[in-house]
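What follows is a single structure, written as structure tokens, with notes after it.
The chain is numbered in sequence order, starting from 1.
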Amino acid sequence: MLVLGIETSCDETGVALYDSEKGLLGHCLYSQIALHSEYGGVVPELASRDHVRKLLPLVDELLSECKLTKHDIEGIAYTKGPGLVGALMVGACTGRALAMALDVPALGVHHMEGHLLAPMLEEAPPNFPFVALLVSGGHTQLVRVDGIGKYRLLGESLDDAAGEAFDKAAKMLDLDYPGGPMIAKLAELSKAKPGEKARFTFPRPMTDRPGVDFSFSGLKTFTLNTVAKHAQANGLPDDQTCADIASAFQEAVVDTLVIKCRRALTQEHLNTLVIAGGVSANTRLRERLESALKKVQSTVFYARHEFCTDNGAMIAYAGCQRLVAQQQEGLAINVTPRWPLDELSPIDGSNAQPS
């Protein structure tokens with residue numbers, strides 16, 4: 001089955017074509033970062049309007065690159081939620097309209113299931129069961145995964161997600177949006193050499209108590225106080241101090257995530273971890289997880305960088321698995337801005353690996 005995937009949950013317009021026998025045929029992505037950067041974050045109304053402008057031209061571009069036509073499409077998958085309601089409606093309405101015009105089945109996909117399954121697009125995908133760390137702009141969750149749709153939430157952030165914490169820390173240091181890559185880039189300028197104690201030591205929230213839930217609001221406050229303590233006349237610390245603060249902040253977030261991941265693997269008696277979502281592209285996080293898990297004979301899997309942030313390929317893949325399993329929805333156009341992952345229905349036989 002050839003499935004068109006559509007992703008419009010936030011500030012990226014993504015489309016992709018996934019064939020159940022041949023795999024991923026192609027994908028196109030348009031990012032709205034430049035549009036929203038001057039506001040320091042996503043403006044929902046602007047995001048929705050930009051999806052309207054860019055979505056159908058991207059579909060045409062993708063079909064042209066793959067030397068296919070709309071009539072070759074056998075199913076359509078679009079992001080149903082979670083996300084910004086206006087942005088979700090653009091993808092849902094477009095996907096439903098195309099499906100009706102082409103007389104093919106359509107299905108709304110859970111955005112975080114797409115992220116969770118993105119590593120399945122790689123040549124060496126993980127085997128079920130595994131623990132997944134989902135870290136994106138709005139989510140930080142640890143989930144036990146026994147198959148497609150077979151999810152059990154182990155822990156989540158009680159306040160800000162890790163991605164949100166990165167964005168807010170970046171604002172404190174007068175860095176551009178999105179904050180994660182900016183913090184990581186600035187942290188590289190910290191002068192602490194290997195073996196030396198870092199200039200600042202930030203707290204590792206909730207690591208001194210049992211469980212695998214997260215909390216980053218206290219770390220955010222600690223960062224704000226540190227910036228204020230070292231601020232100069234312009235309201236910011238000097239350049240080197242900003243770099244040291246960025247490094248200390250990043251290390252605190254990474255340490256917290258690593259500690260909780262190891263704890264979750266031990267708790268579930270598993271040795272495979274998948275990290276997915278925008279924050280999973282953080283090089284320092286990947287390095288630390290690989291090093292920490294190697295010591296306990298565990299393995300970490302993740303998608304290539306282009307599939308860590310929002311993209312159509314993950315939606316096309318997740319949607320294809322469900323459409324092939326005869327799951328589809330009626331004609332009504334529904335989106336679900338808030339949608340718990342563990343409410344999804346399982347796919348029978350989903351322990352089988354993709355071809």
Side-chain angles (χ1 to χ4, degrees), residues 1-20 23-25 27-29 51 55 58-59 62 73-100 102 104-121 132 134 136-139 141 143 145 147-151 274 276-278 303 307-347 350 354:
M1 173 180 274
L2 178 62
V3 175
L4 170 67
I6 297 173
E7 157 58 23
T8 62
S9 66
C10 190
D11 60 344
E12 272 132 350
T13 311
V15 295
L17 287 167
Y18 184 88
D19 188 288
S20 56
L24 184 65
L25 301 185
H27 67 100
C28 293
L29 182 71
H51 287 309
L55 182 52
L58 270 184
V59 173
L62 174 65
I73 297 171
E74 299 172 290
I76 294 177
Y78 57 88
T79 303
K80 181 178 177 179
L84 302 174
V85 64
L88 292 169
M89 284 297 294
V90 175
C93 291
T94 304
R96 280 286 161 198
L98 282 173
M100 187 177 296
L102 299 172
V104 298
L107 178 75
V109 172
H110 194 292
H111 180 73
M112 296 312 294
E113 180 173 63
H115 276 305
L116 188 154
L117 297 177
M120 296 297 186
L121 292 164
L134 302 178
S136 66
H139 298 82
Q141 299 175 324
V143 181
V145 181
I148 297 177
K150 301 175 182 177
Y151 310 131
V274 165
F307 294 153
C308 290
T309 53
D310 296 349
N311 63 87
M314 67 183 192
I315 302 303
Y317 175 82
C320 185
Q321 308 312 302
R322 292 187 174 275
L323 287 167
V324 167
Q326 305 299 312
Q327 294 187 11
Q328 56 179 290
E329 297 178 1
L331 296 177
I333 299 175
N334 295 312
V335 297
T336 310
R338 296 183 181 275
W339 190 5
L341 188 63
D342 53 10
E343 289 184 358
L344 295 180
S345 59
I347 295 178
S350 65

Should [X] and [Y] count as side-chain neighbours, where that means a heavy-atom distance under 4.5 Å?
| X | Y | result |
| --- | --- | --- |
| Arg322 | Ile148 | yes |
| Met1 | Ser20 | yes |
| Leu117 | Met314 | no |
| Thr94 | Val59 | no |

Return the [atom1] to [atom2] distance between [X] and [Y], rounded to the nearest 0.5 Å.
| X | Y | atom1 | atom2 | value |
| --- | --- | --- | --- | --- |
| Leu116 | His139 | CG | NE2 | 12.0 Å |
| Ile347 | Lys150 | CD1 | NZ | 9.5 Å |
| Tyr317 | Leu24 | OH | CG | 11.5 Å |
| Cys320 | Leu17 | SG | CG | 11.0 Å |
| Lys80 | Leu88 | NZ | CG | 11.0 Å |
| Leu25 | Leu4 | CG | CG | 11.0 Å |

Could you tell me which non-hydrogen atom of [X] sits nearest to which non-hydrogen atom of [Y], and how far apart they are?
| X | Y | result |
| --- | --- | --- |
| Ala106 | Tyr78 | CB-CE2, 4.4 Å |
| Ala303 | Pro119 | N-CG, 3.9 Å |
| Cys28 | Leu58 | CB-CD2, 3.7 Å |
| Ala332 | Arg96 | O-NE, 4.0 Å |
| Gly319 | Ala77 | CA-CB, 3.6 Å |
| Gly277 | Ser136 | CA-CB, 4.3 Å |

Under the side chain to side chain contact (heavy atoms under 4.5 Å, CB included) criterion, do Leu341 and Glu113 qualify, and how do the steps go? CA-CA 7 Å; Leu341 188 63; Glu113 180 173 63; 4.1 Å; yes
Tyr151/Leu344 under side chain to side chain contact (heavy atoms under 4.5 Å, CB included): CA gap, chis, key distance, verdict: CA-CA 8 Å; Tyr151 310 131; Leu344 295 180; 3.9 Å; yes
Between Phe307 and His115, is a ring pair (Phe, Tyr, Trp, His ring centres under 6.0 Å) present by the stated rule, with each step listed? CA-CA 8 Å; Phe307 294 153; His115 276 305; over 10 Å; no
Step by step, work out the side chain to side chain contact (heavy atoms under 4.5 Å, CB included) result for Ile76 and Val3. CA-CA 5 Å; Ile76 294 177; Val3 175; 5.9 Å; no
Step-by-step side chain to side chain contact (heavy atoms under 4.5 Å, CB included) determination, Leu55 to Val90: CA-CA 9 Å; Leu55 182 52; Val90 175; 4.3 Å; yes
Over 60° means perpendicular and under 30° means parallel, so classify the ring planes of Trp339 and His110, tilted if in between.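 Rings of His110 and Trp339: tilted, as their planes differ by 30° to 60°.
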Measure from the side-chain N and O atoms of Gln328 to the backbone N and O of Leu107, and report whether any donor-acceptor pair falls under 3.5 Å.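 Checking the backbone N and O of Leu107 against the side chain of Gln328, no donor-acceptor pair under 3.5 Å is found.
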Expected list for residues 6-15: side-chain donor-acceptor pairs under 3.5 angstrom, two or more places apart:
unit_1, atom_1, unit_2, atom_2, d
Glu7, OE1, Thr79, OG1, 2.5
Glu7, OE1, His111, ND1, 3.3
Glu7, OE2, Ser9, N, 3.0
Glu7, OE2, Ser9, OG, 2.5
Thr8, OG1, Ala87, O, 2.8
Thr8, OG1, Gly91, N, 3.2
Ser9, OG, His111, ND1, 3.4
Asp11, OD2, Tyr177, OH, 2.9
Thr13, OG1, His51, ND1, 2.7

